[in-house]
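All chains are named by letter (A, B, ...) in the order of the sequence lines, taking the proteins before the strands, and each is independently numbered beginning at 1.
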Protein chains: 2
Amino acid sequence: METFVELLKTHNLKVTQQRLEILRYVESHLTHPTADEIFQSLTKKYPSLSKTTIYNTLETLTNAGIIQRLTICPTEHRYDFNHDMHHHFICKQCGKIFDIHFTCPNVETIEKDILKDGHRIEEVHGYFRGKCKDCLNKEGVKNG
Amino acid sequence: METFVELLKTHNLKVTQQRLEILRYVESHLTHPTADEIFQSLTKKYPSLSKTTIYNTLETLTNAGIIQRLTICPTEHRYDFNHDMHHHFICKQCGKIFDIHFTCPNVETIEKDILKDGHRIEEVHGYFRGKCKDCLNKEGVKNG
DNA sequence: TTTTAAGTTGTAACCATTACAATTTAACAA
DNA sequence: TTGTTAAATTGTAATGGTTACAACTTAAAA
Ligand SMILES: [Mn+2]
Ligand SMILES: [Mn+2]
Ligand SMILES: [Zn+2]
Ligand SMILES: [Zn+2]
């Protein structure tokens, strides 16, 4: 049985074509896509697919912990099939998001600090903003 | 001369009553307020103040590096007079944001990693999501 | 005091997201 | 296989934070 079918069943979610397609898309596109990007791509193959379904499904998958919602862009949500703790780099110019393959060894220390305050941590997010390699290179060409 | 007057002049920004009021508000409210919260408060004393001015001013102050924009809430921007690098804890239930007084000693290590990739870092953001002390207590009362 | 570039204001538009009601369907049981 | 039903999907309308824009006002330099 397809992995995603099992994955949905494991989480007591009904298996639908729409959910499978969205899962496949998010898993195979490591660009942290937006709901609209997913929609624009899938609507070609599945013209009846509704954007509301994209939103509903992303919400459902996020709540199930299957995917991760990134709230780090100013105007839109982005989604990540990789829900392990990892950091991101966002380019202020082109908006692209890169994974930072670095596991912060201080998370535990910070978490202890926060727990001392009495709060309960459920998610850890870290990101950096700046100008990406590609944009810096393009600029370099422009400016000599 | 008032500190904020000097601050604006230092950044070659015209000194206006609106900017001073917004600066005073953000400096004295450590709650990471939204544009609307600032507007709702100031409009009482200054009924002619426009919400557009709030947005314009927050943008200007952010670009000048005087305040910090937090892009960590799903539906709105929040602003922080403290633009030093520090982490935040956001309660999923009540939405309150707490400062985490912890300077991550690994930022430099990560930055070196990112620089190796060719990107240029300009901002560092870290935050945690979960349930805050107050909400946990309220829940505790409810559930016995 | 005069000048003007910059800031402020109110209104309209934008756009990602959500609400809602009608329709369809996955999953279960007979 | 068929019938049942709760859940999912769909299209449309509404929401709400934010931005665009043009007229008006003003801080600050000459
Ligand atoms: Mn990622
Ligand atoms: Mn803060
Ligand atoms: Zn870039
Ligand atoms: Zn709370």
Side-chain angles (χ1 to χ4, degrees), chain A residues 1-2 4-23 25 32-43 45-64 66-67 69-79 95, chain B residues 1-2 4-23 25 32-64 66-67 69-79 95 97:
Chain A
M1 190 166 27
E2 185 187 340
F4 290 144
V5 173
E6 290 181 78
L7 186 61
L8 289 171
K9 285 189 174 171
T10 307
H11 289 84
N12 291 316
L13 298 173
K14 277 194 186 171
V15 178
T16 66
Q17 265 330 109
Q18 292 89 336
R19 285 177 174 174
L20 290 174
E21 283 301 326
I22 293 168
L23 268 175
Y25 186 95
H32 311 88
T34 63
D36 189 64
E37 283 166 4
I38 299 168
F39 176 74
Q40 293 305 331
S41 173
L42 296 186
T43 196
K45 269 180 80 181
Y46 308 91
S48 71
L49 180 64
S50 166
K51 195 174 242 185
T52 300
T53 299
I54 306 278
Y55 281 109
N56 289 342
T57 302
L58 291 172
E59 173 80 11
T60 301
L61 296 176
T62 300
N63 290 340
I66 297 173
I67 63 175
R69 173 182 287 143
L70 300 184
T71 303
I72 58 185
C73 290
T75 57
E76 64 212 346
H77 288 144
R78 293 185 163 273
Y79 293 88
Chain B
M1 189 164 28
E2 185 187 341
F4 290 144
V5 173
E6 291 181 77
L7 186 61
L8 290 171
K9 286 188 176 173
T10 307
H11 289 83
N12 291 315
L13 298 172
K14 277 193 186 173
V15 178
T16 66
Q17 265 331 109
Q18 291 90 335
R19 286 177 174 173
L20 289 173
E21 282 302 326
I22 293 168
L23 267 175
Y25 186 95
H32 310 90
T34 64
D36 189 63
E37 283 167 5
I38 299 168
F39 176 73
Q40 293 306 331
S41 173
L42 296 185
T43 197
K44 294 170 194 159
K45 269 180 80 180
Y46 308 91
S48 71
L49 179 64
S50 166
K51 195 175 242 188
T52 301
T53 298
I54 307 276
Y55 281 109
N56 289 342
T57 302
L58 292 172
E59 172 81 10
T60 301
L61 296 176
T62 300
N63 290 340
I66 296 173
I67 64 175
R69 173 183 287 143
L70 300 184
T71 304
I72 57 185
C73 290
T75 57
E76 65 211 347
H77 288 144
R78 294 188 162 272
Y79 294 88
I97 301 179

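Between B:Tyr79 and B:Leu70, every side-chain heavy-atom pair lies at or beyond the 4.5 Å cut-off.
When the C1' atom of C:dT8 is taken as reference, atom CD of B:Gln17 falls 13 Å away, rounded to whole Å. Between the CZ atom of B:Arg78 and the C1' atom of D:dT18 there is a distance of 15 Å, rounded to whole Å. When rounded to the nearest whole Å, the span between CD1 of B:Ile22 and C1' of C:dT8 equals 10 Å. Taking atom CG on A:Leu13 and atom P on D:dA8, their separation rounds to 7 Å, with Å as the unit. The separation between A:Leu42 atom CG and D:dT10 atom P is 11 Å, rounded to whole Å. The nearest whole Å value for the distance from the CG atom in B:Leu58 to the C1' atom in D:dG17 is 13 Å. In this structure, the CG atom of B:Leu61 is 17 Å from the P atom of C:dA6, given to the nearest Å. A:Leu8 has its CG atom 16 Å from the P atom of D:dA7, to the nearest Å.
Within 4.0 Å (heavy atoms only), B:Asn56 reaches at least one base atom of the nucleic acid. Heavy atoms of A:Ser48 sit under 4.0 angstrom from primed sugar atoms or phosphate atoms, though from no base atom.
Picking from C:dT8, C:dA27, C:dT17 the nucleotide with the shortest atom distance to the side chain of B:Arg19 gives C:dT8. Candidate nucleotides C:dT8, C:dT17, C:dG10 were compared by shortest atom distance to the side chain of B:Thr57, and C:dT8 ranks first. Checking D:dT9, C:dA16, C:dT9 against the side-chain heavy atoms of B:Thr53 singles out C:dT9 as nearest. In the set C:dT9, D:dT9, C:dT17, D:dT9 carries the atom at the smallest distance from any side-chain atom of A:Gln18.
The structure places CD of B:Glu21 at 10.0 Å from CD1 of B:Ile54, a figure rounded to the nearest 0.5 Å. One distance of note links NZ of A:Lys51 with CD of A:Gln40; it measures 6.0 Å at 0.5 Å rounding. With values rounded to the nearest 0.5 angstrom, A:Ile66 atom CD1 is found 8.0 Å from A:Thr10 atom OG1.
Looking at which nucleotide of DNA chain D each of B:Arg69 and B:Lys14 is closest to, the 5′-most match is held by B:Arg69.
The phosphate of C:dA6 has neither OP1 nor OP2 within less than 4.0 Å of any side-chain N or O from B:Thr16. Not one side-chain nitrogen or oxygen of A:Tyr55 sits closer than 4.0 Å to the OP1 or OP2 atom of C:dT18. Between D:dG17 and B:Thr75, no contact under 4.0 Å exists linking OP1 or OP2 to a side-chain N or O. An OP1 or OP2 oxygen of C:dT17 is reached within less than 4.0 angstrom by a side-chain nitrogen or oxygen of A:His77.
Of the residues listed (A:Val15, A:Thr16, A:Thr60), the one engaging A:Leu8 in a side chain to side chain contact (heavy atoms under 4.5 Å, CB included) is A:Val15, and it is the only one.
Side-chain atoms of A:Thr52 come within donor-acceptor range of the base of D:dT12, with a qualifying N/O pair under 3.5 Å.
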